[in-house]
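Just so you know, these numbers come straight off a predicted model, no measurement behind them. Throughout, protein chains are lettered first and strands after them, A, B, ... in sequence-line order, and every chain is numbered starting at 1.
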There are 2 protein chains.
Amino acid sequence: MAERGRPRDAGIEGRVLAAAAAEIRQGGYDALSIDRVAERAGVAKTTLYRRWASKAELVVALITNLREDVPFEPSGSPRDDLTALVTAIAANLTATPTTLIADLVAAAAREPRVGESVRALWSERHRAVTAVVANAQQAGIVLSHVSPAVLVDQLVGPLYYRLLVTGEPLTPDYAQTLVCSVLGPEEPR
Amino acid sequence: MAERGRPRDAGIEGRVLAAAAAEIRQGGYDALSIDRVAERAGVAKTTLYRRWASKAELVVALITNLREDVPFEPSGSPRDDLTALVTAIAANLTATPTTLIADLVAAAAREPRVGESVRALWSERHRAVTAVVANAQQAGIVLSHVSPAVLVDQLVGPLYYRLLVTGEPLTPDYAQTLVCSVLGPEEPR
DNA sequence: CTTTTTACGCTACCGTAGTATCGTAAATGA
DNA sequence: TCATTTACGATACTACGGTAGCGTAAAAAG
């Protein structure tokens, strides 16, 4: 059962990811050069490619590592929950350089493995939003007969559309408007 | 007023675009090699770069050229119009290789000039959808108080979101569901 | 100790996008 | 005719992502 050959150097992965993080932080996806990352980490390029199949996979691993899980507890008010979730996603998108997201999306479309990783990255939040929408619908707050999955697409999709296609900014205001459009106008208390 | 130096060879642009179209048609964005396009068109690479600043700009010019304007006449029924428009956009997106769209989006995020071109490409349809939504809202068919621009984002954004992020297919059914979600359930006649 | 297996570094290599330089061709203006 | 200006082709170059091959180091199995 034990490993047969020479064991992998345990420090390499961390050093490479640290070097990659330092590079990508100041210049985005394009500025991250595999040669430079390898040199900075004191590692041969071939060794780097033994761990990650492509630059895109390295970046995905990097993002996955940097990601802090935003804990989400339902507050009882679906409207507040949805607003918080959508706003958080929007904030996360604006905090990340657009070119990085775009290049990641492009890599996901090109390489199936990267696509899976990217989708796994977002599935957690996607599920959270879906759950809140489904609850709101069952509670009668959402009047639409449309399935929660579609409503989620209409909450989150516009964020990506604005970011990647129209280039318009993602203000907190906009996130709230999206929620209002799905839930209906806020009722006065 | 007349041009001063040696005039540009009028046939080059067409030959290059034809060669590029032939290459991109069988392999997408990545398969399009500038060197091969230049060789195929019988043109020096430097001449090619004198006309298009980057591979992305060449591809944008290519798409712009290939694009046929889909004429749209309002039918009087906003629901039918919206369904037709959204379905047409979805069909157009699925007909184009996803990697091509993704790479174009990535190039748009990287190079401002490409971004303008890409946005100009879609602005026409975007305006058409906006006009229909605004009319429907004024006619009282759409009950939402949300601005037409946001509703348009919620109609079109999910298409891109599915295509580029979640990877789910864009069925005609889905387009109709999006319209129903915005307009409310269809009323029986 | 010897064989086998895996990891590593190194060098060389391929195809790519894009740039720089240079000689030359084709036009205009004096 | 001659200088100027622009376009073109050709060559060489840089930096990049990614691959192949080789010698060697470190472990386990015999």
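- In terms of phosphate contacts, B:Arg6 brings no side-chain nitrogen or oxygen within less than 4.0 Å of OP1 or OP2 of D:dT5.
- Taking 4.5 Å as the limit, some side-chain heavy atom of A:Leu159 sits within range of a side-chain heavy atom of A:Val86.
- If you take NZ of A:Lys55 and P of C:dT16, they are 18 Å apart, rounded to a whole angstrom.
- Summarising the geometry, the separation between CD1 on B:Ile34 and P on D:dC16 is reported as 19 Å, rounded to the nearest angstrom.
- Phosphate proximity of C:dC8 to A:Arg51: present, with a side-chain N or O under 4.0 Å from OP1 or OP2.
- Residue B:Lys45 holds its NZ atom at 8.0 Å from CD1 of B:Ile34, rounded to the nearest 0.5 Å.
- Within the nucleic acid shown, B:Arg8 comes within 4.0 Å of sugar-phosphate atoms alone, with no base atom in reach, counting heavy atoms only.
- Here B:Glu23 contributes atom CD and B:Arg36 contributes atom CZ; the two are 4.5 Å apart, rounded to the nearest 0.5 Å.
- To the nearest angstrom, P of D:dA29 lies 10 Å from CD of A:Glu3.
- Atom CD of B:Glu168 sits in a crowded spot, with more than 12 heavy atoms from other residues, nucleotides or ligands closer than 6.0 Å.
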Side chain to side chain contact (heavy atoms under 4.5 Å, CB included) between B:Gln137 and B:Leu151, intermediate numbers included: CA-CA 10 Å; B:Gln137 204 169 38; B:Leu151 295 179; 4.1 Å; yes
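- C:dA17 atom P lies 15 Å from atom CH2 of B:Trp52, rounded to whole Å.
- Listed here is the closest heavy atom pair of B:Ala175 and B:Thr87: CB-OG1, 3.8 Å.
- A heavy atom lying under 4.0 Å from DNA chain C marks none of the residues of residues 15-22 of chain A.
- Side-chain proximity of A:Arg4 to the nucleotides C:dA27, D:dA29, D:dT4 is greatest for D:dA29.
- For the segment residues 105-114 of chain B, the set of residues with a heavy atom within less than 4.0 Å of an atom of DNA chain D is empty.
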Run the numbers on A:Ser75 and A:Asp81 for side-chain hydrogen bond (donor to acceptor under 3.5 Å, both in side chains), then give the verdict. CA-CA 6 Å; A:Ser75 69; A:Asp81 288 350; 2.8 Å; yes
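- Paired with A:Leu58 under the rule side-chain contact (heavy atoms from CB on, under 4.5 Å), one option of A:Ile63, A:Leu17, A:Ile24 passes, and it is A:Leu17.
- Summary of the strand contacts: B:Asp30 and B:Pro7 both lie near DNA chain C, and taking for each the nucleotide with the nearest heavy atom, the more 5' one is attributed to B:Asp30.
- Residues A:Ser54 and A:Glu111 bring a donor and an acceptor atom of their side chains to less than 3.5 Å of each other.
- Between B:Tyr161 and A:His126, the ring planes are parallel. Angles under 30° get that label, and only those over 60° would be called perpendicular.
- Residues from residues 36-49 of chain A placing a heavy atom under 4.0 Å of any atom in DNA chain D, listed by number, are A:Arg36, A:Lys45, A:Thr46, A:Tyr49.
- Rounded to a whole Å, the CG atom of A:Leu32 is 11 Å from the P atom of D:dG18.
- Atom CZ in A:Arg50 sits about 13 Å away from atom P in D:dA20, given to the nearest Å.
- Put simply, CG on A:Leu82 and CD on A:Gln176 are 11.5 Å apart, with the number rounded to the nearest 0.5 Å.
- Rounded to an integer number of Å, the gap from B:Asp9 CG to C:dA27 P is 11 Å.
- In this structure, B:Asp35 atom CG and D:dT11 atom C1' are separated by 13 Å, rounded to whole Å.
- Interatomic distance, A:His145 NE2 to B:Cys180 SG, rounded to the nearest 0.5 Å: 10.5 Å.
- Between A:Ser33 and D:dG17 there is a side-chain N or O to OP1 or OP2 distance below 4.0 Å.
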